Amino acid sequence: MKKFTNAVIYKNKEADEILVENGKIKAIGKDLGPAEETIDLDGKLVIPPYVDPHLHLDYVYTLSEMGEKGAGSGTLFEAIEMWPKFKENLTIEGVKKLALKAIKDEVSQGVQYIRTHIDVTDPKFTALKAMLELREELKESIEIQIVAFPQEGMYTYKGGVKLVEEALKMGADVVGGIPHYEPAREFGEKSIHDIVNLALKYDKLIDVHCDETDDPHSRFVELLNALVLMENYGERTTASHTCSFGSADDSYAYRMMDLFKKSKMNFISCPTENAYLQGRQDTYPKRRGLTRVKEFMEMGINVAFAQDSINDPWYPMGNGNMMNILDNGIHLAQIMSPEEIEKDLDLITYNGASCLNIQDRYGLEIGNDANFIVLDGNSPFDVIRNRSSVLASIRKGEYLFKQKPLEYEIELNL
Ligand code: FE2
């Protein structure tokens, strides 16, 4: 048995110790008694591992790989057009190499769960094959969910629906889609029906790139929500981005939010990515590009933050640091009241876990795997304000990594 002591435990003021046996949390509380090994956490904040619920691991670092060909104005639709030329030359080893680099970026900064969208509008399924291998090879260190994502559309790309179905048969966990990219609303709507039908047929989760545009008439989220509400499938469904919902009329938005609450559908917002990509056609004022994160939180609609891109044609930056995503997100969504700050870390932990539909086995609860991270601070406010780094990541009771707090050779003396 192993005991982690002297911890500030997120959402549990009654406890300062975690007892671990056989990789599981055996007890959480105070004065839990002796253990074979005791680890003093020095009053630092312990939270469940970060979850990155939306990342494109087949695109990571491809912007740098493209060299000059990758240079463009950086709009969303331009990037979608640029991508097919590059993906013709993908190899399984090449995809794995870049994806592994990004996974290391994320794991070394406290992430233990990733949902990745993998482009399956490729009859060779090169990226999917690479990711299926990586999911298996890395499973002791990180849990990866794979979305069968038709980047070039289910209809815009001829045969796209069949490719998504084939990807599910090959082992993808989640059905994806991109209705706002289909060439007419009718095809976007058809794709939403296909997505839900495929999920039901193959017992898969759903995560749709939904309304990633400023156009308030892009309202595929309405149909997606309606279908999963009627099928009682909302908890297994996520609408990613829904940027246009940030531009929607209030009377429509509040009607829809009532329905989102009923369906229990999840939302993912990608603050850095969409702040960069959206509002491009606005002169001034410029929209922020985010969905209604603050209102979702107030209404009890589950919403999480995600990285989305690391150095790809859609977004040149990104380093897998979820605290950076949170920092950007809480500014853009204006969620910094004392009560909100107490819950903001949920946006990169518990809320993401609900999107992945792993909420029943995620978190600092007795019986769960002993997975948690130690942050360099002693309260949610402290770590968010300081954008604190992750001092240790523990998985099944063992260190994935551990580092020392920042040490100075010569300290500032004022
Ligand atoms: Fe995405």
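All figures in this text were calculated on a predicted structure; none of them were measured in a lab.
Partners of Y181 under the side chain to side chain donor-acceptor pair (under 3.5 Å) rule, at least two apart in sequence or in another chain, are E81. Applying the side chain to side chain donor-acceptor pair (under 3.5 Å) rule to T242 yields the partners T291; only residues at least two apart in sequence or on another chain are considered. For D122, there are no salt bridge (charged side-chain N to carboxylate O under 4.0 Å, His left out) partners two or more places apart in sequence or in a different chain. Residues meeting the side chain to side chain donor-acceptor pair (under 3.5 Å) test with D211, sequence neighbours left out: S218. Not counting sequence neighbours, S354 has no partner by the side chain to side chain donor-acceptor pair (under 3.5 Å) test. Not a single salt bridge (charged side-chain N to carboxylate O under 4.0 Å, His left out) links R288 to another residue, sequence neighbours left out. The salt bridge (charged side-chain N to carboxylate O under 4.0 Å, His left out) check on E65 picks up nothing, with sequence neighbours excluded. Taking K30 as the reference, D16 meet the side-chain contact (heavy atoms from CB on, under 4.5 Å) condition, with sequence neighbours excluded.
Remark: the backbone N or O of N378 is paired with a side-chain donor or acceptor of D382 at under 3.5 angstrom. Remark: side-chain polar atoms of S191 are paired, donor with acceptor, to backbone N or O of G188 under 3.5 angstrom. Checked by atom type and distance alone, the side chain of N368 never pairs as donor or acceptor with a backbone atom of L364 at under 3.5 Å. Between the side chain of Q145 and the backbone N or O of I114 there is no donor-acceptor pair closer than 3.5 Å. For the pair K294 (side chain) and Q334 (backbone), a donor-acceptor distance under 3.5 Å is present. Formation of a donor-acceptor pair under 3.5 Å by the K286 side chain with backbone atoms of D282 is found in this model.
Salt bridge R395/D369: absent, no basic N to carboxylate O contact under 4.0 Å. A salt bridge does not link K2 with E21: none of the charged nitrogens is closer than 4.0 Å to a carboxylate oxygen. Taking 4.0 Å as the cut-off between side-chain N and carboxylate O, E165 and K162 count as a salt-bridged pair.
Atom NZ of K26 has 12 or fewer neighbouring heavy atoms from other residues, nucleotides or ligands inside a 6.0 Å radius. Heavy-atom neighbours of K11 NZ from other residues, nucleotides or ligands within 6.0 Å: above the threshold of 12. Counting non-hydrogen atoms of other residues, nucleotides and ligands closer than 6.0 Å to CE of M317 gives a total of 12 or fewer. Environment of CZ in R287: crowded, with over 12 heavy atoms of neighbouring residues, nucleotides or ligands closer than 6.0 Å.
Side-chain contact between I18 and K3: absent, with no pair of heavy atoms (C-beta onward) separated by less than 4.5 Å. At least one side-chain heavy atom of I373 sits under 4.5 Å from a side-chain heavy atom of I47. M322 is listed as a side-chain neighbour of V111, based on a closest heavy-atom distance under 4.5 Å. The side-chain heavy atoms of V390 and Y50, taken from C-beta on, include a pair separated by under 4.5 Å. Inter-residue side-chain proximity for I394 and V374 is flagged as met; some heavy-atom pair is nearer than 4.5 Å. When side chains are defined from C-beta on, I330 counts as touching L326, because their heavy atoms get closer than 4.5 Å. Side-chain contact between I178 and V208: absent, with no pair of heavy atoms (C-beta onward) separated by less than 4.5 Å. Residues I144 and T116 form a side-chain contact, since some pair of their non-hydrogen atoms from C-beta on lies under 4.5 Å apart.
Screening residues 357-380 for ring-ring contact (aromatic ring centres under 6.0 Å, His included), with sequence neighbours left out, gives F4-F372, Y113-Y362, Y350-Y362. Contacts classified as ring-ring contact (aromatic ring centres under 6.0 Å, His included) and involving residues 132-156 (residues at least two apart or in different chains) are given here: H56-F149, H117-F149, F149-H209, Y155-F187. The stretch residues 229-247 participates, sequence neighbours left out, in these salt bridge (charged side-chain N to carboxylate O under 4.0 Å, His left out) pairs: D203-R236. Every pair passing side-chain hydrogen bond (donor to acceptor under 3.5 Å, both in side chains) that includes a residue from residues 131-144 is listed here, sequence neighbours excluded: K96-E133, K96-E137, R135-D173, E136-K139, E143-R361.
Taking the six-membered ring wherever Trp is involved, the centroid distance between the rings of F245 and F260 falls below 6.0 Å.
Side-chain polar atoms of Q112 and S393 form a donor-acceptor pair below 3.5 angstrom. Using modelled atom types, one finds no donor on one side chain facing an acceptor on the other under 3.5 Å when comparing Q281 with D214. Between N266 and N302, the side chains place a donor N or O and an acceptor N or O closer than 3.5 Å (distance only, hydrogens not considered). No hydrogens or angles considered: a donor-acceptor pair under 3.5 Å links the side chains of T121 and K87. Judged purely by distance below 3.5 Å, without hydrogens or angles, the side chains of S251 and D249 pair a donor atom with an acceptor atom. E273 and S309 are linked by a side-chain donor-acceptor pair at a separation below 3.5 angstrom, with hydrogens and angles left out of the test. No hydrogens or angles considered: nothing links the side chains of H180 and T213 as a donor-acceptor pair under 3.5 Å. N328 and T272 share no donor-acceptor pair across their side chains, judged by distance under 3.5 Å alone. W83 and D312 are not linked by any side-chain donor-acceptor pair at a separation below 3.5 angstrom, with hydrogens and angles left out of the test. Side-chain polar atoms of N274 and Y315 form no donor-acceptor pair below 3.5 angstrom. Checked by atom type, the side-chain pair D376/S389 shows no donor-acceptor distance below 3.5 Å.
Cation-pi geometry between K169 and Y202 is not satisfied (NZ or CZ under 6.0 Å from the ring centre, within 45° of the ring normal).
Of all heavy-atom pairs spanning P53 and R115, the tightest one is O-CB, 3.2 Å. Shown here for M154 and I195, the closest heavy-atom pair between the two residues is CE-CG1, 3.7 Å. Across G320 and I310, no two heavy atoms sit closer than the pair N-CD1, 3.8 Å. Nearest heavy-atom pair across A130 and I92 is CB-O, 3.7 Å. L347 and V303 make their closest contact through CD2-O, 3.3 Å (heavy atoms, listed as atom of the first residue, atom of the second, distance). Between L19 and A35, the shortest heavy-atom distance links the atoms CD1-CB, 4.1 Å.
The CD atom of E339 lies 10.5 Å from the CD atom of E298; values are rounded to the nearest 0.5 Å. Atom-to-atom distance recorded for C270:SG and I325:CD1 is 8.0 Å, nearest 0.5 angstrom. Distance check: R385 CZ to S379 OG gives 9.0 Å after rounding to the nearest 0.5 Å.
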Check your understanding: Between Q307 and D52, does a side chain to side chain donor-acceptor pair (under 3.5 Å) hold up when you go through it step by step?
Key -> CA-CA 7 Å; Q307 169 77 71; D52 187 355; over 6 Å; no

Check your understanding: Yes or no on side chain to side chain donor-acceptor pair (under 3.5 Å) for D215 and S244, after CA distance, side-chain angles and deciding distance?
Key -> CA-CA 6 Å; D215 175 8; S244 76; over 6 Å; no

